[in-house]
Chemist: 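Questions regarding the structure given below will be posed in turn.
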Amino acid sequence: TSAVTCVGFLPDGKQIVSGSDDYSVRVWNASTGAYLQQFDDHTDWVTSAEFSYDGKQIVSGSHDKSVRVWDASTSAQLQQCDGHTDWVRSVGFLPDGKQIVSGSDDQSVRVWDASSGAQLHQLDGHTHSVASVRFSPDGKQIVSGSWDNSLGLQQFDGHTDWVASVGFSPDGKEIVSCSYDRTVRVWNASSGAQLQQFDSHTDWVTSVVFSPDGKQIVSSSYDRSVRVWNASTGAHLQQFDGHTDWVLSVGFSPDGKQIVSGSYDKFVRVWHAPTGAQLQ
């Protein structure tokens, strides 16, 4: 009933999770668009939500400053991780599901025990809001993107405005980022060298993610478009138009054949990645 701030597929591709400014987390049937479940305990905007890798749990972050863990099948809240002193902007599971990472407007990155909710680590260093966090595929590293224009892990210099979203390639060797400077950039994860820059968006870029095979990148923007890029050459492959307001989040299905997007227009849309056709 309000802006859709985050979207993502279940690891088997059969369901989609979304979070919204209406304080809810919702789960949908990816093939039919049918609404399946709703999680309602947050008391402010939900900014980030994703399934665990086994699909049994969902983690969400909110402007209510909390990180919450849910049973994906029953909607029961399993844990609440409290400690952030400002809005939580981004959350994600460790690949084995045992830990959770979060980023906040309190300028910190925190790591939590998923089963107990206990805080394990706090990583300080950013000088502005942490907008995006992700574990590496092997779980040994965390990359963070901040409104201080930087990425945390290495020294990644290049963005000239707030970094909105970051993510690892499936092999962990590259990092993708996007920014309010309207660019998408690809970096060498070990050296910090910039490998690619994509410049076609005409407004702030809000979300980026690699395809499961690492060959493509999808991005969303305030220019209301979803775009697909060749990760190695930077070629612009597809543009999906249909949203009538800012697009805030995107994600690939596990088989790479579909893309999900969420927008300020209150809609979750599913697209056929090779053709750009809207499926849901």
Side-chain angles (χ1 to χ4, degrees), residues 4-19 25-37 39 48-60 69-73 90-101 114 132-139 141 143 165-176 178 184 186 189 207-220 226-232 237-238 240 247-262 268-280:
V4 180
T5 56
C6 53
V7 288
F9 276 95
L10 183 73
D12 67 6
K14 294 180 179 179
Q15 296 179 4
I16 290 167
V17 64
S18 64
V25 177
R26 302 185 189 219
V27 177
W28 314 83
N29 183 299
S31 60
T32 68
Y35 160 70
L36 302 176
Q37 294 211 348
F39 310 84
S48 183
E50 72 171 44
F51 282 103
S52 59
Y53 285 70
D54 63 8
K56 295 180 179 180
Q57 297 181 343
I58 292 169
V59 64
S60 58
V69 183
W70 315 83
D71 185 301
S73 60
S90 180
V91 292
F93 275 104
L94 186 72
D96 66 9
K98 295 181 179 179
Q99 295 179 10
I100 291 163
V101 64
S132 183
V133 287
R134 280 292 176 267
F135 279 108
S136 59
D138 63 8
Q141 295 180 321
V143 65
S165 179
V166 292
F168 279 96
S169 61
D171 63 8
K173 294 180 179 179
E174 296 179 356
I175 289 168
V176 64
C178 68
V184 176
V186 180
S207 180
V208 284
V209 66
F210 274 98
S211 61
D213 63 7
K215 295 180 179 180
Q216 296 181 350
I217 291 167
V218 64
S219 60
S220 62
V226 175
R227 303 185 189 223
V228 180
W229 316 82
N230 183 300
S232 60
L237 304 177
Q238 291 283 349
F240 310 150
V247 186
L248 303 178
S249 183
V250 286
F252 271 102
S253 62
D255 63 6
K257 295 180 180 179
Q258 296 180 352
I259 289 168
V260 63
S261 58
V268 175
R269 300 180 191 249
V270 181
W271 314 82
H272 185 236
T275 66
Q278 185 176 315
L279 304 176
Q280 292 293 335

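From a predicted model like this one, the values you see are computed outputs, not experimental measurements. The analysis underlying the following values was restricted to heavy atoms, covering all of them including side chains, and did not include hydrogens, waters or symmetry mates. Position 1 is the first residue of the sequence, and the numbers go up from there.
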Chemist: What are the two closest non-hydrogen atoms of Ser211 and Pro170, and how far apart are they?
Modeler: O-CG, 3.4 Å
Chemist: Check whether any side-chain N or O of Gln37 sits under 3.5 Å from a backbone N or O of Ser73 as a donor-acceptor pair, and report yes or no.
Modeler: yes
Chemist: Would you name the heavy atoms of Ala273 and Phe252 that are closest together and state the gap between them?
Modeler: CB-CE2, 4.3 Å
Chemist: Evaluate the criterion side chain to side chain contact (heavy atoms under 4.5 Å, CB included) for residue pair Phe210 and Glu174; output intermediate values, then yes/no.
Modeler: CA-CA 10 Å; Phe210 274 98; Glu174 296 179 356; 3.9 Å; yes
Chemist: Mind listing the closest non-hydrogen atom pair of Ser18 and Trp28 along with its distance?
Modeler: OG-NE1, 2.8 Å
Chemist: To the nearest 0.5 Å, what is the distance between CG on Leu248 and OG on Ser220?
Modeler: 7.0 Å
Chemist: Using a 3.5 Å distance criterion without hydrogens, assess whether the side chain of Glu50 forms a donor-acceptor pair with backbone atoms of Phe93.
Modeler: yes
Chemist: Over all heavy atoms of both residues, which pair between Phe39 and Asp71 is shortest? Give the atoms and the distance, please.
Modeler: CE2-O, 3.6 Å
Chemist: Might you point out which heavy atoms bring Asp171 and Pro137 nearest each other, and give the distance in Å?
Modeler: C-CG, 4.5 Å
Chemist: Given 3.5 Å as the limit, does a donor-acceptor pair link the side chain of Ser249 with the main chain of Gly262, or not?
Modeler: no
Chemist: For the backbone of Val91 and the side chain of Ser48, can you confirm whether one donor and one acceptor N or O come within less than 3.5 Å of each other?
Modeler: yes
Chemist: Which residues pass the side chain to side chain contact (heavy atoms under 4.5 Å, CB included) test with Ser253, sequence neighbours left out?
Modeler: Phe9, Asp255, Gln258
Chemist: So which heavy atom on Phe51 is nearest to which on Pro11, and how close?
Modeler: CB-CD, 3.9 Å
Chemist: Do you know which of Ile100, Val17, Val25 makes side-chain contact (heavy atoms from CB on, under 4.5 Å) with Val59?
Modeler: Ile100
Chemist: Name all residues meeting the side-chain hydrogen bond (donor to acceptor under 3.5 Å, both in side chains) criterion together with Tyr53; count only those two or more places apart in sequence or in a different chain, and write none if there are none.
Modeler: none
